[in-house]
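Note sheet for the following structure.
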Amino acid sequence: VMTNKKMRDDFEMESFGISSGNPKAKKAWDNLYAVRKEMIEHNNRLGGDIVPLANYRNPQNTSQFLILRRGGKDGKNYIEDHMQWVDRSEYVKPDGKMMDDAELRTFLHEAFITQATDGANKPAGAGMGGSIANRGKAHRQIHYKSPEAYRAAMEKYGSGNSFDQAIQSIESMANDIALMDKFGPNAVHEFNDAYSNAARNSSGRTDELMNSAFKRMSGQISTAHPMVAHYVGELKSAMVASRLGSMLFSQISDLSTMTAAARAMNIPQTELASWIANVASDGNLRDTLRIHGLGVESALNTIVRFAEGATNTGMFGKLATAIPTIQGAHLWTKSLRQAFGAMMEAKVGDMASKYDSMAKLPETDRKIFEAIGINDTDWAIYRLAKPFEYKGNKLMNSEAIENIPVGDIRKMAGLRSNAEAEIVRQDAAIKFVSLVAEQSEQAILQPGALSQSTLSSDSRRGTVYGELGSLMTQFKSFPMAFLRQTLMERANFQAAGYNPWVFRAKMMASTTMLGAVAVLLNELASGKDMRDFEKDGALTKLAREGFLKGGGLGFGNEVIEALTGSVENPWSSGTKVLGPGIGYLVGNVAPTIGYGVQYAASGLEDEKAQKNFTKNLYKSTIGAAPGQNLWFLKGFLHNVMLDDFQEMANPGYKQRAKERIAKQGQEYWLGMD
C-alpha cells in the first residue's frame with residue numbers, strides 16, 4: 001500500500017474515517033490502528049502515560065530543519081498554513097466556546113516553538129528529562145481537518161510521508177517500551193543510578209561506551225544546530241549516492257558471516273544452503289516470511305548497512321536511500337536475512353516438536369536458548385504452538401505463539417488469570433523474535449548501538465566537534481561492527497565448542513577469499529580485464545586487497561593508501577583517512593578553488609594552473625554525481641561516455657590509466673579507446 005501514491009492517498013482517507021472504496025487501504029489502516037492500540041496498552045502497563053485521542057489519525061513527525069527553514073520569521077508561515085489546515089472544531093476553550101483567530105494563532109505559535117526547539121519549551125514533566133513514561137503525553141495537539149490538509153502539512157514540514165510517519169512512530173514507541181521494560185518508567189534515572197553503582201563497585205572504572213550507547217538509545221543526545229546538522233547530513237548523503245554504487249559486491253562477504261553464525265547456532269552448512277535456495281526459488285515462502293516479519297527492514301529502508309548518517313530529506317537524502325535499492329543491495333540483504341531467519345524458525349519449531357523439555361535438548365542448543373533468556377515455561381509454550389509447515393519443516397513464528405489460546409497457557413503454567421497468561425505468552429513470543437532477529441543481524445551483519453557508539457561517542461549533532469567526527473567516521477560503522485561483533489563478541493561465543501582463535505582464523509580466511517572475489521568483480525564492472533596472476537606478487541596483492549575489503553577493514557585500507565599512495569597531487573594525498581565528505585572537500589573542491597584562483601590571478605596565462613584547475617574541476621563535478629559509481633553503469637559511463645571529457649580536463653589521462661593497470665597484466669575490455 002505504502003509504496004504506491006494512490007494507495008497511500010486512500011490509506012490517509014481511511015485514517016480520517018472516509019471510505020476510499022479500497023479494501024487493501026482500509027485493512028492497512030485497521031492493522032496500523034490495532035498495532036498502535038496494543039503498543040499503547042503495553043506502554044501504559046509498564047508505567048507509561050499515553051492517553052489515546054478519540055480522533056487519532058496519523059503520526060505527525062515533523063522535521064526540525066523544515067520547520068525552521070519554511071516556518072517563516074517567528075513562525076509566521078507555519079501559523080498561516082495551519083490556520084487553513086487545522087480542524088477548528090477541536091480548539092475549544094475551557095468555557096466551551098471556540099477559539100477565535102487570535103487565540104488560535106497564539107496556540108499555533110506555541111506549537112511552532114515546541115517543534116522548532118525540539119520540545120525545549122515544554123513544561124516540566126511533559127516528555128522531557130529522564131522520565132520515558134511521559135514522552136507520549138499530548139500537549140499542543142495539531143488536528144488536521146482532512147487527508148488533504150494532513151498531506152500538505154507533512155509535505156511541507158514533515159519528516160516523510162504517511163508510511164515514514166507510521167514507521168517512525170512505531171520505532172519510537174517500541175524503543176520507549178524496551179527502555180521501560182528494562183529500567184522502569186524513569187529509565188534514564190535508573191540507568192544512571194545503576195551506572196554509578198557499577199563504577200563505585202569497580203574502583204571508579206566506567207564503561208563510557210556503554211554509557212554513550214544508552215544515551216543514543218534513550219534520546220538524550222539532542223541536535224544543537226538543526227541547520228548545520230541538516231547540511232552536513234546532505235553532504236554525507238551525497239557521498240552515499242556517489243560512492244556506494246558497488247556496495248553489492250562488498251556484501252558477498254555476508255556468505256562468510258552467515259556460515260559462521262550457522263556454525264555457532266549448531267546448524268549444518270548444507271541446511272543453510274538449502275534455505276537460501278528455498279527463499280530464492282519460492283515466492284510463496286518469501287511472502288510468508290515477510291508476514292512473519294523477516295526481511296521487512298529492507299522495505300523500511302532502515303538497512304542501509306554501510307550508509308549511516310544519510311538524511312531522509314533533501315535531494316541527496318532521497319537519492320541516498322534509492323541507491324542501495326537500485327543496485328540490488330536491499331534485495332540481497334532481505335533474501336539472506338529471510339533465509340537465515342527461516343532456518344532459525346525451522347530449528348526452533350522442529351526441536352520444540354521433538355523435545356518435550358529444555359533439559360532434553362542437546363547441550364549446545366540448550367545453552368544457545370538459555371543465553372537469550374528462554375526458559376522451561378517458554379519452551380512449553382512453543383510446544384503448544386502450531387507452526388507453519390514447509391517441506392517437512394515446522395517454522396515457528398510469533399503469530400503461531402500468539403494464536404495459542406490463553407486458556408491452554410493458563411492451564412499449562414498453572415496461572416490464576418487470563419491476563420497473566422497473556423503476559424507469559426507475549427514474553428515467550430518476544431524472546432523468540434529476539435532470538436531470530438539478533439542472530440539474523442549477526443549473520444548478515446548490522447552495526448549495533450555499541451559499534452556505532454565506538455565511533456560517535458555522545459557528541460551532539462550540529463556542533464563542530466560532533467559533525468567533524470561524524471564525517472570522519474562515515475562508512476566506518478560496518479568495519480567496526482565486523483571487528484567488534486564478529487571477531488570479538490562472536491568469536492568468544494563458544495557454545496558450539498570452537499576455540500575463539502580458530503574461529504577468527506577461519507573467519508578471516510573466508511572473508512579474505514570472498515573479498516578478493518568482490519575486488520575482481522568490481523574491476524570487471526569498471527571495464528577492466530581479469531588480472532594476470534602469473535605475474536610476481538599478483539596473488540599476494542589480491543590477497544591483501546581481499547583481506548582489507550572482505551574483512552570489513554576498509555579504514556585500514558585507507559590508512560595504507562594514505563601512507564603509501566602517490567603524492568602526484570599534494571591536495572589529495574591522505575585525504576581518504578579523513579572520511580569521504582572531508583576527503584572530497586579537501587581533495588577535490590579545495591584544490592579546484594585554489595588552482596582556479598591561481599589561474600585567474602595569472603591572467604589566464606599559467607598553463608600548469610589551468611591543467612590542475614580543469615582536472616580538479618572535473619573530479620569535483622563527477623565525484624559528487626549521484627549514481628556515477630553504480631556497478632552496472634560505471635564501466636560504460638566512465639570509460640565510454642566520459643573518458644573524452646576526462647582527457648580534455650586532464651591531458652594524458654587515458655594513457656596513464658592504461659599504463660597503471662598494465663602493471664597488473666590488465667587491459668580495458670570496455671572503452672578507453
Side-chain angles (χ1 to χ4, degrees), residues 36 38-52 118-139 168-224 370-375 377-378 419-420 422-435 437-438 441 447-454 456-461 466 484-485 489:
R36 181 179 180 274
E38 189 172 341
M39 293 184 77
I40 288 175
E41 292 172 354
H42 192 164
N43 179 87
N44 290 349
R45 280 200 305 270
L46 295 170
D49 188 17
I50 298 178
V51 180
D118 197 23
N121 70 326
K122 281 187 177 183
M128 302 300 290
S131 181
I132 302 295
N134 287 331
R135 285 186 179 173
K137 281 188 174 181
H139 294 281
Q168 290 174 36
S169 175
I170 290 172
E171 287 184 338
S172 176
M173 200 183 307
N175 191 64
D176 289 348
I177 287 172
L179 287 167
M180 288 192 294
D181 186 52
K182 187 68 178 178
F183 294 104
N186 202 2
V188 174
H189 173 78
E190 292 298 327
F191 176 86
N192 289 338
D193 188 50
Y195 187 78
S196 298
N197 289 335
R200 283 195 296 270
N201 293 334
S202 58
S203 303
R205 290 177 299 176
T206 59
D207 187 345
E208 286 301 324
L209 181 60
M210 179 69 73
N211 194 29
S212 296
F214 181 81
K215 286 182 179 180
R216 289 168 60 94
M217 294 172 66
S218 56
Q220 297 181 70
I221 304 177
S222 60
T223 300
E370 287 176 344
I372 203 72
I374 294 173
N375 55 36
T377 300
D378 300 319
E420 287 180 311
E422 287 181 359
I423 293 173
V424 171
R425 181 180 63 182
Q426 185 179 68
D427 188 51
I430 288 173
K431 288 176 183 177
F432 171 77
V433 171
S434 297
L435 172 68
E438 288 180 13
E441 292 195 355
L450 286 174
S451 296
Q452 294 178 18
S453 296
T454 303
S456 64
S457 183
D458 56 358
S459 53
R460 297 176 69 192
R461 292 199 63 201
R484 183 182 183 86
Q485 296 168 218
E489 294 174 4

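Hydrogens, waters and symmetry mates play no part in the numbers below; they use all other heavy atoms, side chains included.
- Among all heavy-atom pairs drawn from R484 and S451, the shortest one is CD-OG, 3.7 Å.
- Judged by distance alone, with hydrogens and angles left aside, the side-chain atoms of Q485 form a donor-acceptor pair with the main-chain N or O of G448 at under 3.5 Å.
- Between the CG atom in D207 and the CG atom in L450 there is a gap of 7.5 Å [rounded to 0.5 Å].
- With hydrogens and angles ignored, the 3.5 Å screen pairs a side-chain donor or acceptor of N44 with a backbone N or O of I50.
- Taking the salt bridge (charged side-chain N to carboxylate O under 4.0 Å, His left out) definition, one finds that E41 meets it with K37, sequence neighbours left out.
- For R36, the salt bridge (charged side-chain N to carboxylate O under 4.0 Å, His left out) test picks out no residue, with sequence neighbours left out.
- Between the side chain of D378 and the backbone N or O of N375 there is at least one donor-acceptor pair closer than 3.5 Å.
- Rounding to the nearest 0.5 Å gives a distance of 8.0 Å between CZ of R45 and CD of E422.
- Partners of E38 according to the salt bridge (charged side-chain N to carboxylate O under 4.0 Å, His left out) rule, which considers only residues two or more places apart in sequence or in another chain, do not exist here.
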Could you give me the CA-CA distance, side-chain angles and deciding distance for M173 and I40, then say whether side-chain contact (heavy atoms from CB on, under 4.5 Å) is met? CA-CA 8 Å; M173 200 183 307; I40 288 175; 4.1 Å; yes
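- Using a distance-only test at 3.5 Å, with no hydrogens or angles considered, no donor-acceptor pair links the side chain of N43 to the main chain of M39.
- The minimum heavy-atom distance between A213 and A449, with the atom names listed, is CB-O, 4.1 Å.
- Every residue meeting the side chain to side chain contact (heavy atoms under 4.5 Å, CB included) condition with A429, not counting sequence neighbours, appears here in chain and number order: I401, E402.
- The residue from R216, K215, Q220 that alone fulfils the side-chain hydrogen bond (donor to acceptor under 3.5 Å, both in side chains) condition with S218 is Q220.
- Under the 30°/60° scheme for interplanar angles, the aromatic rings of F191 and F183 are found to stand perpendicular.
- The salt bridge (charged side-chain N to carboxylate O under 4.0 Å, His left out) check on D427 picks up K431, with sequence neighbours excluded.
- With sequence neighbours left out, A224 forms a side chain to side chain contact (heavy atoms under 4.5 Å, CB included) with R460, T463.
- Heavy-atom minimum distance, L46 versus I177: CD1-O, 3.5 Å.
- Side-chain contact between F214 and L179 is present, with heavy atoms from C-beta onward closer than 4.5 Å.
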